[in-house]
Peer 1: 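Supplied in structure tokens, the structure appears directly below.
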Amino acid sequence: MSNIPPYNPMEIESKWQQHWEEDQSFAAEASHEKPKFYALVEFPYPSGAGMHVGHIKAYSGLEVVARKRRMQGYNVLFPMGFDSFGLPAENYAIKTNTHPHIITTKNENHFRNQLKKIGFSFDWSREISTSRPDYYKWTQWIFLKLFENNLVFRAKTLVNYCPHCKVVLSNEDSQGGKCDVCHSDVVQLPKDVWYLRITEYADKLLEGLDTVEYPESIKQQQVTWIGRSTGAFVNFAIDGIPEKLEIYTTRPDTLFGVTFMVMAPEHPLLDQYREKISNWSEVEKYRDECARKTEFERTQLVKDKTGVRLEGFEAINPVNGKKIPVFIADYVMMGYGTGAIMAVPAHDQRDYEFAKKFGVDIIEVIKGGDIGECAYTGDGAMINSDFLNVYDNKKASIAAMLEYLEEKGLGHKGIQYKMKDWAFNRQRYWGEPIPLVHCPSCGTVGVPYDQLPLKLPDVENFEPGTDGQSPLARIDSFVNCTCPRCGGSAKRETDTMPQWAGSSWYFLRFVDPHNDQAFASKDEMKYWMPVDWYNGGMEHVTRHLLYSRFWHRFLYDIGEVNTPEPYAKRSYQGLILGSDGEKMSKSKGNVVDPLDIVSQYGADTLRLYVLFMGDYTAAAPWNDDAVKGCKRFLDRIWRLMEMLSDEKGISADLAFDVNSCIKKVSEDYEKMKYNTAIAAMMTLVNTFYAKGSVTRDELRALILLLNPVAPHITEEINVLCGLNEGELLRAAWPTYDESALVKEMVEMALQVNGKVRGRIQVPTDLKQEDAQEYFLGREEVRKLIGDKTMRKLIFVPGRLINIVC
RNA sequence: GCUGAUGUGGUGGAAUGGCAGACACCGGGGACUUAAAAUCCCCUGCCCUGACCGGCGUGCGGGUUCGAGUCCCGCCAUCAGCACCA
């Protein structure tokens with residue numbers, strides 16, 4: 001073929017992108033006739049910095065699958081939008097005194113343009129943004145449904161508070177005691193907070209994991225985060241006070257080994273009965289010390305147990321009536337169980353260390369360890385335990401003790417979760433207003449559905465109040481309202497929802513984004529849901545992924561959606577590190593701007609590179625030279641046009657190569673093994689070069705396979721050579737000829753005692769039973785055996801023969 | 001400490017228990033060129049050798065197997081998540 005223009009990515013990419021936009025090439029079809037495929041990638045927060053190469057990798061994975069599915073005849077929904085509420089826009093607003101709405105719109109436009117320059121096949125007609133009123137109307141609607149169903153409650157408890165951001169954080173947002181936004185130390189403050197009762201859904205969230213296709217690491221992380229344990233609540237009487245001290249234990253079998261009790265320093269019973277405690281000043285001093293300790297100190301001081309004995313408090317072990325001392329110590333947390341424990345030093349290492357330090361008795365109740373050395377947590381025969389002494393294992397003695405406790409009314413079975421309820425309000429401006437009204441006579445009342453959306457009012461000053469109030473609290477016209485129930489004067493809730501609210505249901509909006517009667521029509525949900533394949537980052541596993549499963553399961557329970565789980569399958573991508581092997585960050589100066597790569601090499605090279613750089617799920621450092629290698633590969637493909645022959649069909653000598661490449665690429669895309677799929681195509685191109693020519697159908701097969709990864713160059717080659725009628729994006733995905741995958745002769749390794757000694761050409765259809773005779777007849781085999789006697793011959797068809805002497 | 005993952009050339013990484021290092025990067029050599037770039041071809045795990053032959057090699061130590069990067073047991077290291085959770 002003559003007159004081939006040079007490969008000019010800039011020119012052909014913008015040409016095709018413009019065509020796709022005008023043609024609406026990637027809009028999902030309205031008809032529900034075809035089989036559907038809903039591919040979802042986590043929509044971005046539209047930050048001012050624009051796109052990161054990490055976004056490109058995160059989206060490219062399912063981009064390939066989505067394009068392949070279209071070619072396979074599916075109706076594909078591959079949507080994109082913006083998770084646009086959040087602190088960075090607000091902080092920037094404070095700094096520049098610009099409305100966050102303006103900043104957000106500008107950033108969204110920037111992001112959208114950048115995404116289009118990569119050539120992603122998103123359906124832009126369905127774009128959503130969580131900060132637009134027609135979207136957050138429905139976020140508020142779902143919140144009201146949660147409220148109606150008693151899954152929203154207000155409580156004054158110790159909460160995670162970030163003094164820098166001046167905001168209350170959920171447990172999920174303050175992992176490791178650090179604020180997720182600014183990474184400063186989070187402090188514990190008593191505060192009135194709105195909670196969503198996610199713990200009510202703990203079991204459903206656990207059970208749901210058995211029905212979905214998530215990687216084991218993700219399932220495990222969610223299981224750990226939910227942290228379900230079974231045990232017993234037991235009441236201990238305290239001498240001289242009417243109330244019982246309730247504890248939670250997973251080891252009721254060790255009750256006879258209890259020699260003391262420990263309460264969290266913040267336990268409310270202490271204040272209630274302070275006059276009973278003769279060393280109260282010591283208690284107060286210890287409480288102060290604990291409150292001042294940072295999270296870091298608390299975790300670093302694990303070895304050294306501290307605490308104070310409560311003078312005047314004595315507890316009674318309910319199973320044997322023994323009097324035991326009571327302590328406060330900060331190794332017991334107020335936030336888990338009941339904030340008090342029974343201590344069994346013989347069989348719990350923490351209790352053991354505490355007992356050693358404070359000189360408390362240690363009573364062994366399970367045989368098997370050496371309690372002179374350390375606590376024994378294993379299984380064994382019961383001793384010193386009255387009626388339990390007949391048992392020789394945990395399971396049986398726990399069952400027996402539970403029966404006893406319930407019969408005597410001393411306690412009962414119980415379940416505990418490490419997961420806490422979701423602290424849901426933020427004292428900030430740029431979020432969904434919580435649609436609740438505080439009425440002096442009716443209490444808390446939901447805003448009527450027909451008044452949604454409750455719009456975010458304009459404010460002059462976005463700075464949070466020093467009194468821990470949201471900026472909305474300063475807008476009298478917003479705050480003062482009438483009670484929807486009694487019509488009397490009332491005040492609005494002024495806090496807003498957290499970052500994670502809008503993203504907890506966005507996948508539902510995509511199926512019907514312009515509906516103003518419902519968040520989505522039942523009909524569209526029935527067709528599109530669940531999401532068939534969802535890809536995103538590991539950092540969202542204990543937040544977004546858990547929160548959205550919770551909301552969706554709730555909507556299922558009240559009959560609003562048709563599937564219990566939102567995502568049938570979830571995958572994740574590995575990080576792209578800087579070329580120095582460190583995490584990319586502005587301060588390290590190792591950030592790669594994807595648009596720089598696009599302008600230098602083209603979007604196809606960038607897409608190819610992020611998928612070729614290694615295992616999709618593993619972290620890998622950026623390498624500029626390897627990017628050039630990817631460009632080189634596309635150049636080589638372009639130049640294949642120079643060696644295009646007029647021949648049709650696939651030539652006999654390449655039938656195996658072409659067909660096995662089709663098979664490999666088709667399978668590898670499904671397994672997200674993009675790197676090996678691309679390697680297979682590189683091998684095929686090398687084969688074409690070695691031969692020096694390529695037929696039209698051979699080239700056609702190659703560009704069809706490569707099209708999902710590098711759509712621009714392949715569409716251009718198709719047009720220049722007229723290989724395929726119509727655009728590749730609508731062409732049928734190539735199929736392979738099974739018979740072409742079988743060669744007549746195959747090379748096998750020749751091993752002696754497991755060591756490779758040579759290679760041998762063998763007919764492919766050689767049978768196991770004929771193998772010995774065949775090989776012993778071959779001279780190279782006899783030579784290898786020499787005068788040794790063959791004891792055994794291992795024959796693995798197509799692979800090797802191993803002669804054991 | 002618990003849970004999950006990972007450990008392979010100078011580098012990124014391939015390999016249903018069956019020829020370790022596919023594919024690519026870097027490096028070396030050659031062709032083309034006045035020259036350079038680009039391109040094309042060849043070499044490229046380590047040791048020995050002029051070359052062949054050979055030996056050693058998948059974090060470490062054992063084991064199972066005709067055969068182990070892959071399976072089992074015990075370590076070490078790295079990454080991620082959880083963590084005084086009773």
Side-chain angles (χ1 to χ4, degrees), chain A residues 175-176 215-225 227-229 231-232 247-251 254 261-262 264 298-299 301-306 329-333 335-344 347-351 353-354 416-419 538-539 541-542 574-575 577 579 581 609 612-615 617-630 632-633 635-636 639 664 673 675-686 689-690 692 747-760 791-805:
Chain A
Q175 296 177 29
E216 192 51 41
S217 54
I218 291 183
K219 286 191 181 183
Q220 201 53 53
Q221 250 188 64
Q222 293 214 342
V223 170
T224 308
W225 186 258
R228 185 184 204 267
S229 78
I247 61 93
Y248 175 73
T249 180
T250 54
R251 297 292 307 276
T254 61
M261 300 188 78
V262 187
R298 274 184 91 143
T299 49
L301 292 172
V302 168
K303 301 147 243 159
D304 201 18
K305 293 276 179 294
T306 62
D330 67 354
Y331 83 91
V332 174
M333 309 287 137
Y336 184 79
T338 64
I341 61 158
M342 62 177 218
V344 187
H347 304 289
D348 181 290
Q349 188 59 27
R350 294 155 309 189
D351 297 346
E353 285 162 23
F354 193 87
Q416 280 292 296
Y417 303 95
K418 289 184 195 173
M419 182 172 67
M538 274 311 273
E539 68 275 22
V541 169
T542 49
L575 282 181
L577 305 171
S579 45
Y609 174 64
F612 182 62
M613 61 194 298
D615 178 348
T617 62
W622 186 267
N623 182 339
D624 282 315
D625 285 325
V627 178
K628 279 187 237 166
C630 288
R632 201 174 294 159
F633 172 60
D635 284 330
R636 277 165 74 80
R639 283 196 308 273
K664 176 86 177 149
K673 299 189 73 167
N675 55 336
T676 50
I678 292 164
M681 291 185 278
M682 288 174 167
T683 306
L684 185 61
V685 170
N686 290 345
Y689 267 78
E747 189 187 73
M748 286 176 53
L750 201 48
Q751 294 186 342
V752 176
N753 292 331
K755 294 207 172 192
V756 181
R757 294 298 170 197
R759 292 166 218 295
I760 185 167
R791 297 214 321 266
K792 201 172 170 186
L793 185 106
I794 311 282
F795 173 68
V796 184
R799 296 280 184 180
L800 53 76
I801 64 155
N802 185 15
I803 298 157
V804 187
C805 302

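The figures here come from the full heavy-atom set of this structure, side chains too, leaving out hydrogens, waters and symmetry mates. In what follows, chains are A, B, ... by sequence order, proteins preceding strands, each numbered from 1.
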Peer 1: How far does the P atom of B/A37 sit from the matching atom of B/G29, given to the nearest Å?
Peer 2: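 That atom pair is separated by 12 Å.
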
Peer 1: Do A/Ile341 and A/Asp351 make a side-chain contact, defined as non-hydrogen atoms from C-beta onward lying under 4.5 Å apart?
Peer 2: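 They are in contact (side-chain heavy atoms under 4.5 Å apart), so the answer is yes.
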
Peer 1: Can you confirm whether A/Glu353 sits close enough to A/Tyr331 that some side-chain heavy atom of one is under 4.5 Å from a side-chain heavy atom of the other?
Peer 2: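 Side-chain contact under 4.5 Å: no.
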
Peer 1: How far apart are the closest heavy atoms of A/Ala620 and A/Met613, and which atoms are they?
Peer 2: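 Minimum heavy-atom contact is O-CE, 3.7 Å.
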
Peer 1: Using a heavy-atom cut-off of 4.0 Å across all strands, would you classify A/Glu747 as base, sugar-phosphate, or nothing?
Peer 2: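 Touches a base.
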
Peer 1: What I'd like to find out is whether the side chain of A/Arg228 reaches to under 4.5 Å of the side chain of A/Val223, using heavy atoms alone.
Peer 2: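 Side-chain contact under 4.5 Å: no.
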
Peer 1: What's the gap between B/G10 and B/U44 when it is taken at their P atoms, as a whole Å value?
Peer 2: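 Roughly 15 Å separates the two P atoms.
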
Peer 1: Between the protein and nucleotides 21-28 of chain B, list every N/O to N/O distance that falls short of 3.5 Å.
Peer 2:
{"from": "B/A24", "atom 1": "OP1", "to": "A/Asn686", "atom 2": "ND2", "distance (Å)": "3.1"}
{"from": "B/C25", "atom 1": "OP1", "to": "A/Arg632", "atom 2": "NH1", "distance (Å)": "2.7"}

Peer 1: So, A/Tyr609 and A/Asp624: side-chain donor and acceptor under 3.5 Å apart, yes or no?
Peer 2: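 Side-chain D/A pair, A/Tyr609 to A/Asp624: absent.
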
Peer 1: Over all heavy atoms of both residues, which pair between A/Ser229 and A/Tyr336 is shortest? Give the atoms and the distance, please.
Peer 2: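 Scanning both residues completely, I find the closest heavy atoms to be OG-OH, 3.2 Å.
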
Peer 1: Would you kindly give the CE-to-P distance between A/Met538 and B/A80, to the nearest whole Å?
Peer 2: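 My rounded result for the distance is 12 Å.
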
Peer 1: On a whole-Å scale, what distance lies between the P atoms belonging to B/G9 and B/A83?
Peer 2: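 Pairwise P distance, B/G9 against B/A83, rounds to 36 Å.
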
Peer 1: Round to the nearest Å and state the distance from A/Trp225 atom CH2 to B/G4 atom P.
Peer 2: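 Computing the A/Trp225:CH2 to B/G4:P distance gives 19 Å.
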
Peer 1: Taking any heavy-atom pair under 4.0 Å as a contact, classify A/Arg757: base, sugar-phosphate, or nothing.
Peer 2: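 Since only primed, P, OP1 and OP2 atoms lie under 4.0 Å of A/Arg757, the category is sugar-phosphate.
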
Peer 1: Considering only side-chain heavy atoms of A/Ile341, which listed nucleotide, B/A86, B/G18, B/G4, is closest?
Peer 2: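 When the side chain of A/Ile341 is considered, B/A86 is the closest of B/A86, B/G18, B/G4.
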
Peer 1: Could you tell me the separation between the CG atom of A/Leu750 and the P atom of B/G18, rounded to a whole number of Å?
Peer 2: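 For the pair A/Leu750 CG and B/G18 P, the rounded distance is 18 Å.
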
Peer 1: With heavy atoms under 4.0 Å as the rule, sort A/Lys673 into base, sugar-phosphate or nothing.
Peer 2: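 A/Lys673: backbone/sugar contact only, no base atoms under 4.0 Å.
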
Peer 1: Measure CD1/A/Ile218 against P/B/U3 and give the value in whole Å, please.
Peer 2: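 These atoms are roughly 20 Å apart.
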
Peer 1: Distance check: side-chain N/O of A/Arg799 vs OP1/OP2 of B/G17, anything under 4.0 Å?
Peer 2: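 For A/Arg799, the contact criterion (side-chain N or O under 4.0 Å from OP1 or OP2 of B/G17) is not met.
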
Peer 1: What's A/Val756 touching, base or sugar-phosphate or nothing? Going by heavy atoms closer than 4.0 Å.
Peer 2: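 Sugar-phosphate contact only - A/Val756 comes under 4.0 Å of backbone atoms but never of a base.
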
Peer 1: B/C76 and B/A86: how far apart are their C1' atoms, nearest whole angstrom?
Peer 2: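 Comparing C1' positions in B/C76 and B/A86 gives a spacing of 32 Å.
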
Peer 1: Assign each of A/Val804 and A/Gly614 to its nearest nucleotide of RNA chain B by heavy atoms, then name whichever residue's nucleotide is nearer the 5' end.
Peer 2: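 The residue mapped nearer the 5' terminus is A/Gly614.
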
Peer 1: Which heavy atom of A/Thr338 sits nearest to which heavy atom of A/Ile247, and what is that distance?
Peer 2: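 That would be OG1-CA, 3.3 Å.
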
Peer 1: Any side-chain heavy atom of A/Ile801 sitting closer than 4.5 Å to one from A/Leu750?
Peer 2: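 Heavy-atom side-chain distance check passes, below 4.5 Å.
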
Peer 1: To the nearest Å, how far apart are A/Gln221 CD and B/A5 C1'?
Peer 2: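 Value for this atom pair: 11 Å.
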
Peer 1: Touch check for A/Gln220, heavy atoms < 4.0 angstrom, all strands: base, sugar-phosphate only, or nothing?
Peer 2: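 Sugar-phosphate, backbone atoms only, no base.
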
Peer 1: Rounded to whole Å, how long is the line connecting atom NZ of A/Lys219 with atom C1' of B/U3?
Peer 2: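 That distance rounds to 16 Å.
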
Peer 1: Write down the distance between NZ (A/Lys418) and P (B/G81), rounded to a whole number of angstrom.
Peer 2: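 Rounded to whole Å, this separation is 16 Å.
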
Peer 1: In whole Å, what separates the P atom of B/G27 from that of B/A38?
Peer 2: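 Looking at atom P only, B/G27 and B/A38 are 11 Å apart.
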
Peer 1: Under 4.0 Å between any heavy atoms, over every strand shown, what does A/Asp635 touch: base, sugar-phosphate, or nothing? Just pick one.
Peer 2: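 Here A/Asp635 touches no strand at all.
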
Peer 1: For A/Thr542, is there any backbone N or O sitting under 3.5 Å from a side-chain donor or acceptor partner on A/Gln221?
Peer 2: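 Not confirmed, A/Gln221 side chain does not pair with A/Thr542 backbone.
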
Peer 1: Should A/Tyr336 be listed as having a side-chain N or O under 4.0 Å from OP1 or OP2 of B/A86?
Peer 2: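 Answer is yes, contact under 4.0 Å.
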
Peer 1: Is the base of B/G30 syn or anti, where syn means the angle lies within 90° of 0?
Peer 2: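 Nucleotide B/G30 adopts anti.
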
Peer 1: Kindly indicate whether the side chain of A/Met342, heavy atoms from C-beta on, has any atom under 4.5 Å from the side chain of A/Thr254.
Peer 2: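 When only atoms from C-beta onward are counted, A/Thr254 and A/Met342 do touch, with a gap below 4.5 Å.
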
Peer 1: Students often get this wrong, so: under 4.0 angstrom with heavy atoms, is A/Ala329 touching a base, only sugar-phosphate, or nothing?
Peer 2: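 The answer is nothing, as A/Ala329 stays clear of every strand by at least 4.0 Å.
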
Peer 1: What verdict does the salt bridge (Lys or Arg N to Asp or Glu O under 4.0 Å) test give for A/Asp635 and A/Arg632, after you've listed the backbone C-alpha separation in whole Å, the side-chain angles of each residue and the deciding distance to 0.1 Å?
Peer 2: CA-CA 5 Å; A/Asp635 284 330; A/Arg632 201 174 294 159; over 6 Å; no

Peer 1: Among the candidates B/C66, B/A86, B/G18, find the nucleotide nearest to the side-chain atoms of A/Met333.
Peer 2: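 Looking only at side-chain atoms, A/Met333 lies closest to B/A86.
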
Peer 1: Expressed in whole Å, how much space separates the P atoms belonging to B/U58 and B/U8?
Peer 2: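 These two P atoms come out 11 Å apart once rounded.
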
Peer 1: Would you measure the distance from the P atom in B/A14 across to the matching atom in B/A77 and give it in whole Å?
Peer 2: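 Approximately 26 Å lies between the P atom of B/A14 and that of B/A77.
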
Peer 1: What's A/Gln349 touching, base or sugar-phosphate or nothing? Going by heavy atoms closer than 4.0 Å.
Peer 2: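 If one applies the 4.0 Å heavy-atom cut-off, A/Gln349 turns out to touch nothing in the nucleic acid.
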
Peer 1: Rounded to whole angstrom, note down the C1' distance from B/G67 over to B/A20.
Peer 2: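 Between the two C1' atoms, the distance is 14 Å.
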
Peer 1: Please check the phosphate of B/A68 (OP1 and OP2 only) for any side-chain N or O of A/Lys755 closer than 4.0 Å.
Peer 2: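 No, no such contact exists.
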
Peer 1: Specify the closest pair of heavy atoms between A/Val804 and A/Asn753, including all atoms of both residues, with the distance to one decimal.
Peer 2: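 In terms of heavy atoms, the two residues are closest at CA-OD1, 3.4 Å.
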
Peer 1: How many whole angstroms separate atom CD1 of A/Ile794 from atom C1' of B/G18?
Peer 2: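 Rounding to the nearest Å, CD1 of A/Ile794 and C1' of B/G18 are 10 Å apart.
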
Peer 1: What stems show up for RNA chain B when you take Watson-Crick pairs (N1-N3 plus N6-O4 or O6-N4) and G-U wobbles (N1-O2, O6-N3), both under 3.5 Å, and require three or more consecutive pairs?
Peer 2: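 The stems are B:1-7 with B:76-82, B:10-12 with B:23-25, B:27-31 with B:39-43, B:45-47 with B:54-56, B:59-63 with B:71-75.
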
